[in-house]
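In what follows, a structure is listed as structure tokens, so that the remarks can point back to it.
Letters A, B, ... mirror the listed sequences (proteins, then strands); counts begin at 1.
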Protein chains: 2
Amino acid sequence: MQQSLLELRHLKTLLALAETGSVSQAAKRVFLTQSALSHQLKALEEHYGLPLFERKTQPLRFTPAGERLLTLAREVGARMAAAERDITRLREGEAGELRIAVECHTCFDWLMPAMDAFRRHWPAVELDIVSGFHADPVGLLLTRRADLAITSEAEPLDGISYQPLFAYDMVVIMANDHPLAGKAVWQAEDFVTETLIQYPVPDAMLDLLCKVLKPAGINPARRTSELTIAIIQLVASRRGVAALPYWAVQPYLDKGYVASARIGADGLQSELYAALRSDDAALGYMQDFLDTVREQSFATLPGLSVLA
Amino acid sequence: MQQSLLELRHLKTLLALAETGSVSQAAKRVFLTQSALSHQLKALEEHYGLPLFERKTQPLRFTPAGERLLTLAREVGARMAAAERDITRLREGEAGELRIAVECHTCFDWLMPAMDAFRRHWPAVELDIVSGFHADPVGLLLTRRADLAITSEAEPLDGISYQPLFAYDMVVIMANDHPLAGKAVWQAEDFVTETLIQYPVPDAMLDLLCKVLKPAGINPARRTSELTIAIIQLVASRRGVAALPYWAVQPYLDKGYVASARIGADGLQSELYAALRSDDAALGYMQDFLDTVREQSFATLPGLSVLA
DNA sequence: TCTGTTGCATGAATATGCCTCATGTTGATC
DNA sequence: GATCAACATGAGGCATATTCATGCAACAGA
């Protein structure tokens, strides 16, 4: 009799809202406009005759009623996902192989929790990381030495299909007492006299170099290190500056170990894609892995943005 | 990325389908057409690339995939209902009073499981049955000696609002060796020489009398008993015949204690409504009680039909 | 104080997709 | 073979979620 109004789309909205803390951000997360979500929330609140959020605050807070619905959303979301996985397994079988090739050092930060969750959901799928870093991870797909490659560019290639994961900002980090430490935005010229501390990878894989410094004719001194934490230490010790994903350095910024700045007026955006053989794109566990990556990453890492 | 398609409406459909065992019946239960459900199911099966049911059988059977979705539907349904109850309590408070007046003897068969479920969901609401059987239960509402009355007619009255519960067929039962025991349908004339065994209630409350026998000018002998089981015994002992709800006698028919027949070519339909003071109609626990009654009754009793 | 910005709300227009209607198909029963 | 019941299917209407175009409020910076 009493129509329930509450639909899955509302629950998804609530989850996005809880994760992002703002209507506009949540809207991006569920691929709708801010207006659409505003209407949704208004409808919900009118239906229940109760406020579900306090809007004036940033991040917005849930009222007890909102919290209750959020709990429901988590319960229902998890069960829906589990059921759909089970159905997929009924159709395609339990087993499979998923060997992942990675070209980016920092990727392990988000890959680990995702792989962890995935292993629980698909115990019979053999999950591997193709060891070492490869200049051409997509090549490994075609030679069938890997089934999935993480790349920062979606270069069209026959038999390869790309799926967006997420986007994020690169920031430059510097010692706290660096002369430019107060500057909110660094331009290319600010790097002229600096030593750039980087992972030991080809120049082509360094966005800062390709997209910002080279176009400005700047070629700073370099120094390499394998480990993120080591790079941070070098920066803090005034051995140079580094460009890293915001989500990789945010904990160190919070603790005040180093300072950071945006790169260029609009920031330096980086993107991540998953590349796979087109034949494999329909595999249930493959899609589920990508969904898991997105979900876990957005839940774990700060400052991510969605990538259409 | 992969749109889920699966919506709450699908889950409700699956539940109705499991309970009724047929698409057409399920459609009535969720107030849609058979066509709508057929479309829904087709969409689901296409989406998952698997059959969810075996249609050729009556009642229709679920495949493993269908079973899995059905399980999901039960889980999700229960949680949605619980959440909405919690929200209602947040808005209206925990407590209240719900005194039920009953005019129909057999009602306890379905009232008991419903009250049981309700007590679990609303522990702080005082639940009572107004003892004794009343000729005018609706009057008890207006004098505030009851908050809800079960009636078989929705007679318009100021300040009273009616809500449909369900409809069902009355059948006539007779001894197995009764001369007319093989007859599928009894007409009014078949009652002429019979003794009618009935509850001790006013004639106005006996549909068989008011709607079938009186119009035909037939007034059979009577005999009364308080208990359904006693009535059945009397009938089996060839002391007369009785008109009872199909769902009340079905277990005895199955065991072969008595035989039954339809009353009139189209059967004798009875309806049940809940009457309440219009002010109370918006009360959350009141609506929830009615929902619970419908849900429990359809799940428990055979041969019910929905009542718009 | 003024102004630009950011984030949310709102009303009207649009578009998506669900449901109904009409009809076809299938299977069972006489 | 005819009839009936239950389900399937395609087309079209219609409800409603979403978008678009604004408005409003809070806040920061000049």
What does the B/S/- profile of nucleotides 9-26 of chain D look like, 5' to 3', with a 4.0 Å heavy-atom cutoff to protein?
BB------SSBB------
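Using cut-offs of 30° and 60° for the angle between ring planes, the B/His178 and B/Trp186 rings count as tilted.
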Go through the steps to decide whether B/Glu271 and B/Tyr168 satisfy the test side-chain hydrogen bond (donor to acceptor under 3.5 Å, both in side chains), and finish with yes or no.
CA-CA 6 Å; B/Glu271 304 176 337; B/Tyr168 56 89; over 6 Å; no
So B/Arg61 and B/Glu67, salt bridge (charged side-chain N to carboxylate O under 4.0 Å, His left out) or not? Walk me through it.
CA-CA 9 Å; B/Arg61 262 209 306 275; B/Glu67 286 283 359; over 6 Å; no
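Closest approach of B/Ser152 to B/Leu272, counting heavy atoms only: CA-CD2, 4.2 Å.
Interatomic distance, CG of B/Leu14 versus CD of B/Glu19, reported as 11.5 Å (0.5 Å rounding). Atom CD of residue B/Gln40 and atom OG1 of residue B/Thr13 lie 3.5 Å apart, to the nearest 0.5 angstrom.
In this view, A/Tyr273 satisfies the ring-ring contact (aromatic ring centres under 6.0 Å, His included) rule with no residue, not counting sequence neighbours. Residues passing the salt bridge (charged side-chain N to carboxylate O under 4.0 Å, His left out) test with B/Glu7, sequence neighbours excluded: none. Listed by chain and residue number, nothing satisfies the ring-ring contact (aromatic ring centres under 6.0 Å, His included) test with B/Tyr246 (two or more places apart in sequence, or in another chain).
Using a 4.0 Å cut-off between a side-chain N of Lys or Arg and a carboxylate O of Asp or Glu, B/Asp169 and B/Arg262 do not qualify as a salt bridge. Classification of A/Glu84 and B/Arg68 as a salt-bridged pair fails, no side-chain N sitting under 4.0 Å from a carboxylate O.
Contacts with DNA chain C (heavy atom under 4.0 Å) in residues 12-30 of chain B: none are found.
Rounding to whole angstrom units, CG of residue B/Leu60 and C1' of D/dC7 are separated by 11 Å. One interatomic measurement links the two molecules: CG of A/Leu8 to P of C/dG17, which rounds to 16 Å at whole-angstrom precision. Whole-Å rounding puts the B/Gln58 CD to D/dC4 P distance at 19 Å. Rounded to an integer number of Å, the gap from CG of B/Leu41 to P of D/dC7 is 10 Å. Between A/Glu45 atom CD and C/dA9 atom C1' the separation is 12 Å, expressed in whole Å. Between the C1' atom of C/dC8 and the CG atom of A/Leu44 lies a distance of 16 Å, rounded to the nearest Å.
Between A/Arg55 and C/dA9 there is a side-chain N or O to OP1 or OP2 distance below 4.0 Å.
Comparing the helix axis at one end of the helix from C/dT1-D/dA30 to C/dC30-D/dG1 with that at the other, each defined from 5 consecutive pairs, gives an inter-axis angle of 20° (nearest 10°).
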